[in-house]
Amino acid sequence: ERLAAAQRTRFPAKPADRGDTSLAKPLPQKSHPPVTDGLTLWLAADGAVRRDPENYVTVWEDMLTGDNQKAQNATQHAPQRRPRWIAQAIGGKPAVRFDGHDAVLLSTPSYLGLLGEGYELFIVARTASPTIQFLIAGGFEDFELHVNGRAGARFIPAGYDRGRGASDLAKAGQFSDGQPHIFSARLLSDQEYRGLVAVDGVASGTPTRNDGRSKNNTTIRLGMRQNGTFPLRGEIAEVLIYRGSLTGTDRQAVGQYLAEKYAIALSQGDWQ
């Protein structure tokens with residue numbers, strides 16, 4: 001508890017922020033994810049991405065479909081922190097490239113409907129860097145999903161708690177092979193909301209020991225940790241975040257949609 005208090009002092013929650021809520025031009029229905037019930041955020045690099053003349057991203061627009069009817073766009077107002085949009089980056093599709101200095105800001109958990117709630121997320125990304133790199137992060141040790149470190153992928157949904165708060169998968173470097181992967185994480189509603197990480201449908205055998213629901217309402221970001229450390233050196237092509245829990249069938253459908261779209265070869269996955 002003393003450690004948690006110190007962390008809150010060092011990384012205090014910011015006031016809730018709606019961020020940019022302008023509406024994107026919709027993608028055609030055939031391009032939508034197969035599961036939209038519970039969807040609260042959908043960023044696709046082949047969707048609406050506002051860019052400056054040199055293709056640096058100013059606003060990555062939330063695509064609306066299904067339950068996702070309130071735009072929660074990802075933004076970056078500081079020119080030196082903007083990632084770059086690349087036309088053919090992953091599987092012949094566009095992606096947003098982070099060069100180790102960049103990040104985009106989402107909204108807060110409360111505006112995304114995630115504060116104190118269960119959720120699932122999917123991120124299509126790739127990197128060839130051996131360093132620790134955060135794909136997504138909320139407040140200090142909240143909503144954190146990163147590659148490398150003590151494992152190939154690590155999910156910290158709500159506090160590291162001396163190792164009990166993390167779910168790890170594979171050996172460090174396994175997913176930093178320059179190939180795209182589907183990184184996913186979820187809270188297990190049938191197991192007291194313990195967190196579980198998975199890559200390309202293969203889940204960790206060790207969920208977090210504790211409840212992963214977050215009480216921290218700090219703005220979520222893509223591309224680095226909340227305190228500006230452990231930046232991503234690679235690309236993100238698509239982000240899907242759902243409230244609640246998907247069924248195994250729906251989870252597999254979302255994974256297959258992403259794999260087919262970005263030409264990601266899947267092994268016998270564990271999408272259940």
Side-chain angles (χ1 to χ4, degrees), residues 13-27 29 31-51 56-78 81-83 85 94-96 98 102-125 134-139 142-145 155 157-158 183-187 212-226 232 236-246 254 257-258:
K14 298 177 182 178
D17 181 13
R18 294 176 185 269
D20 185 293
T21 58
S22 57
L23 299 181
K25 181 179 179 180
L27 283 170
Q29 189 68 37
S31 300
H32 290 200
V35 180
T36 59
D37 289 350
L39 186 64
T40 189
L41 181 79
W42 175 29
L43 304 178
D46 63 341
V49 183
R50 279 182 260 161
R51 315 184 295 275
Y56 287 97
V57 176
T58 59
V59 179
W60 192 353
E61 299 188 38
D62 184 14
M63 309 303 297
L64 304 185
T65 184
D67 288 357
N68 189 30
Q69 293 299 314
K70 294 181 180 180
Q72 304 285 358
N73 301 328
T75 61
Q76 182 51 269
H77 299 296
R81 292 291 188 181
R82 290 173 182 162
W85 184 85
V96 175
F98 298 77
D102 312 323
V104 291
L105 305 182
L106 304 179
S107 188
T108 56
S110 61
Y111 282 114
L112 289 167
L114 303 177
L115 191 63
E117 301 291 339
Y119 61 89
E120 297 202 23
L121 61 87
F122 300 80
I123 300 176
V124 175
F134 276 67
L135 302 176
I136 188 169
D142 283 308
F143 295 97
E144 293 185 344
L145 176 59
F155 177 44
F183 297 90
S184 59
R186 64 187 189 268
L187 302 187
R213 289 176 291 185
S214 176
K215 297 180 176 62
N216 192 324
N217 204 32
T218 305
T219 302
I220 298 172
R221 66 179 61 196
L222 300 177
M224 65 176 57
R225 205 177 200 185
Q226 183 65 35
L232 173 64
I236 294 178
E238 194 150 342
V239 179
L240 295 161
I241 302 180
Y242 293 86
R243 291 187 302 272
S245 299
L246 301 183
V254 173
Y257 150 79
L258 294 172

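Only this structure's heavy atoms are used, side chains among them; waters, hydrogens and symmetry mates stay out.
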Any side-chain heavy-atom pair of [X] and [Y] under 4.5 Å:
X	Y	answer
Phe155	Leu187	yes
Pro33	Val254	no
Leu222	Trp60	yes
Ile220	Ile241	no
Val239	Leu121	no
Leu106	Leu43	yes
Arg243	Glu117	no
Gln76	Asp102	no

Which pair of non-hydrogen atoms, one from [X] and one from [Y], has the smallest distance, and what is that distance?
X	Y	value
Gln29	Thr65	NE2-OG1, 4.5 Å
Lys215	Leu115	C-CD1, 3.7 Å
Ala45	Trp85	O-NE1, 2.9 Å
Pro94	Ala237	O-CB, 3.8 Å
Arg225	Ala137	CA-CB, 3.9 Å

Assess the side chains of Asn216 and Ser214: does a donor N or O sit below 3.5 Å from an acceptor N or O? no

Does His32 form a side chain to side chain contact (heavy atoms under 4.5 Å, CB included) with Trp42? I'd like the steps, not just the answer. CA-CA 9 Å; His32 290 200; Trp42 175 29; 3.7 Å; yes

Taken in chain and number order and not counting sequence neighbours, the residues that satisfy side-chain contact (heavy atoms from CB on, under 4.5 Å) with Asp37 are Asp67

Rounded to the nearest 0.5 Å, what separation is found between the [atom1] atom of [X] and the [atom2] atom of [Y]?
X	Y	atom1	atom2	value
Arg186	Tyr242	CZ	OH	13.5 Å
Ile236	Ile136	CD1	CD1	8.0 Å
Asn73	Leu105	CG	CG	12.0 Å
Met224	Arg81	CE	CZ	5.0 Å
Thr40	Leu240	OG1	CG	11.5 Å

Would you say the side-chain atoms of [X] pair up with the backbone N or O of [Y], donor to acceptor, closer than 3.5 Å?
X	Y	value
Arg50	Thr58	no
Arg51	Val49	yes
Asn217	Ser110	yes
Gln226	Thr218	no
Glu120	Leu246	yes

ring-ring contact (aromatic ring centres under 6.0 Å, His included) partners of Phe143, counting only residues at least two apart: Tyr119

Only counting residues at least two apart or in another chain, list the ones meeting ring-ring contact (aromatic ring centres under 6.0 Å, His included) with Phe134. His146, Phe230

Those residues at least two apart in sequence (or on a different chain) that pass salt bridge (charged side-chain N to carboxylate O under 4.0 Å, His left out) with Arg213 are Asp211

Apply side-chain hydrogen bond (donor to acceptor under 3.5 Å, both in side chains) to Thr36 and list each qualifying residue two or more places apart in sequence or on a separate chain. none

Among residues at least two apart in sequence or on other chains, which ones pass side-chain hydrogen bond (donor to acceptor under 3.5 Å, both in side chains) with Asn68? Asp62

